[in-house]
Amino acid sequence: MELQFSRHRRLRSSASMRALVRENHLRAEDFIYPLFIYEGENIRKEVSSMPGVFQVSMDHLHAEMEDIAAHGIKAVLLFGIPATKDECGGQAYHDHGIVQEAIRYIKKHFPEILVVADTCLCEYTSHGHCGVVEGEKVLNDESLELLVKTAISQAQAGADIIAPSNMMDGFVAAIREGLDEAGFTEIPIMSYAVKYASAFYGPFREAAEGAPQFGDRKTYQMDPANRIEAFREAESDVAEGADFLIVKPGMPYLDIVRDVKNNFSLPVVIYNVSGEYSMVKAAAQNGWIDEKSTVLEMLVGMKRAGADLIITYHAKDAIRWLKEQ
């Protein structure tokens, strides 16, 4: 019998042919680069579990932003590490808090770069939880009041996008109402709509110095075993006024990214989190994998899964590697 089969290899015959039919692409505009702003002076400290990632004080921010701009990164996500913490995270919504000051500086000197402000309390509270605590219980509605104050203070400082990451019920509705009443009707909300209680956040907690001092965050972040719950969370945030939907973490949750992309019309953002970054770095430093090929494959996989934007610590390296291709 004469064999009958399709010749798929025709479209893989050369680098030019493969580039011609490539379905998904990475661009500098796809990336949002996280920054850790440390209150103090003369601080540029590498995070031990995240090689290449630094905590920087305001006096080092200009040089860091010049490097970011030179790479062609169009947006940064700001996290703050205050000099003092308290039970209610007062520095999160202080007019001259570390993130508010960083926002003002960046918008003055680098106005073309979008500033996304992480809106949470965990880096600012003495207990390390994302809301108001009574005993060992994180209170939902009482936390919303402080999150609204934080969002408004960030918008007043000049933030382009508010990104609430606390996973309190009603956080998008409360922040949207608060921003609108304060006159910030044009400021979009990039909601951490689907955020799992993940083991992949470990290195971030070193970088942001925001680990919980008791218990865990499983009463407000999602169970990693759940898929249908993600629909409910995203659907609520859309109804409450979100403008972007974040899925966090990235690699272990690509199925969720595709679910969100298929079911909602808003831009989908994936957070390629610290644990994913650190594993790649560690394996590459041990010579077990090729870092460039691995990172680019991971990131394009996130785009293929449905992500429109990627929050990633790999952004600088990825852009450099893409330019070399």
Side-chain angles (χ1 to χ4, degrees), residues 29-30 32-35 37 74-80 88-121 124 130-132 140-195 232-248 260-261 263-271 307-309 311:
E29 290 83 0
D30 297 329
I32 300 171
Y33 187 62
L35 277 179
I37 313 300
K74 306 300 182 184
V76 293
L77 173 61
L78 298 190
F79 298 95
C88 293
Q91 289 299 309
Y93 42 87
H94 195 287
D95 286 345
H96 296 287
I98 186 60
V99 160
Q100 286 78 0
E101 291 299 315
I103 292 169
R104 292 187 185 98
Y105 189 91
I106 294 170
K107 294 313 299 182
K108 178 180 179 180
H109 297 281
F110 302 88
E112 72 284 1
I113 294 180
L114 291 171
V115 174
V116 185
D118 179 82
T119 305
C120 198
L121 302 176
Y124 306 92
C130 303
V132 176
N140 194 90
D141 296 10
E142 293 81 353
S143 300
L144 295 179
E145 298 177 20
L146 301 185
L147 294 167
V148 171
K149 290 175 65 175
T150 302
I152 292 172
S153 72
Q154 292 168 339
Q156 289 171 337
D160 298 290
I161 299 171
I162 298 299
S165 61
N166 52 87
M167 287 297 284
M168 297 295 117
D169 291 337
F171 69 136
V172 173
I175 289 172
R176 182 72 275 159
E177 182 180 276
L179 288 173
D180 290 352
E181 289 180 354
F184 297 106
T185 58
E186 302 304 312
I187 300 293
I189 295 175
M190 181 181 286
S191 171
Y192 287 71
V194 182
K195 182 178 180 181
R232 298 199 299 271
E233 288 282 358
E235 187 174 44
S236 294
D237 286 8
V238 172
E240 292 172 17
D243 300 283
F244 304 79
L245 299 173
I246 299 177
V247 176
K248 180 182 180 182
V260 172
K261 183 66 173 180
N263 286 277
F264 302 98
S265 59
L266 299 181
V268 176
V269 186
I270 192 170
Y271 199 141
D308 299 292
L309 299 169
I311 302 169

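All values below come from the heavy atoms of this structure, side chains included, with hydrogens, waters and symmetry mates left out. The residues of the chain are indexed from 1 along the displayed sequence. In this text the structure is predicted, and so the values were computed from the model without any measurement.
- Using a cut-off of 4.0 Å between Lys/Arg side-chain N and Asp/Glu carboxylate O, E101 and R104 are scored as salt-bridged.
- Side-chain atoms of S191 never come within 3.5 Å of backbone atoms of L245 as a donor-acceptor pair (strictly under, hydrogens ignored).
- Nearest heavy atoms, A151 versus I175: CB-CG2, 3.7 Å.
- Among residue pairs with one or both ends in residues 176-189, those qualifying as salt bridge (charged side-chain N to carboxylate O under 4.0 Å, His left out) are R176-D180, R176-D243; sequence neighbours excluded.
- The shortest distance between side-chain heavy atoms of L179 and I189 falls below 4.5 Å.
- In this structure, K149 has no side-chain hydrogen bond (donor to acceptor under 3.5 Å, both in side chains) partners at least two apart in sequence or on a different chain.
- The side-chain hydrogen bond (donor to acceptor under 3.5 Å, both in side chains) search around Q91 returns none, not counting sequence neighbours.
- Residue A102 comes nearest to L78 through the heavy atom pair CB-CD1, 4.0 Å, listed as atom of the first residue, atom of the second, then distance.
- Here the side chains of I162 and F184 are not in contact, with every heavy-atom distance at 4.5 Å or above.
- Partners of F110 by ring-ring contact (aromatic ring centres under 6.0 Å, His included), not counting sequence neighbours, listed by chain and number: H62.
- Contact of the Y124 side chain with the L146 side chain is not registered, since no non-hydrogen atoms from C-beta on lie closer than 4.5 Å.
- Side-chain atoms of K74 and L114, non-hydrogen and from C-beta on, never get closer than 4.5 Å to each other.
- Applying the salt bridge (charged side-chain N to carboxylate O under 4.0 Å, His left out) test to pairs two or more places apart or on separate chains, those with a residue in residues 153-173 are K107-D160.
- Nearest heavy-atom pair across D118 and L77 is N-CD1, 3.8 Å.
- Residues Y271 and P34 form a side-chain contact, since some pair of their non-hydrogen atoms from C-beta on lies under 4.5 Å apart.
- In this structure, the side chains of V116 and I311 stay at 4.5 Å or more apart for every pair of heavy atoms.
- Nearest heavy-atom pair, A157 versus Q100, reported as atom, atom and distance to 0.1 Å: CB-O, 3.6 Å.
- Of all heavy-atom pairs between V238 and L266, the closest is CG2-CD1, 3.8 Å.
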Q.
Quick one, I246 with M190, criterion side chain to side chain contact (heavy atoms under 4.5 Å, CB included). Give me CA distance, side-chain angles, the key distance, then yes/no.
A. CA-CA 7 Å; I246 299 177; M190 181 181 286; 3.6 Å; yes

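- Residues passing the ring-ring contact (aromatic ring centres under 6.0 Å, His included) test with F79 are F36, F204, sequence neighbours excluded.
- Side-chain contact between M167 and E233: present, with at least one pair of heavy atoms (C-beta onward) separated by less than 4.5 Å.
- Inter-residue side-chain proximity for L121 and T150 is flagged as met; some heavy-atom pair is nearer than 4.5 Å.
- A pairwise comparison of heavy atoms in A163 and Y192 identifies O-CE1, 3.5 Å as the closest pair.
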Q) Does the pair C120 and F171 meet the rule for a side chain to side chain contact (heavy atoms under 4.5 Å, CB included), with working shown? A) CA-CA 10 Å; C120 198; F171 69 136; over 6 Å; no

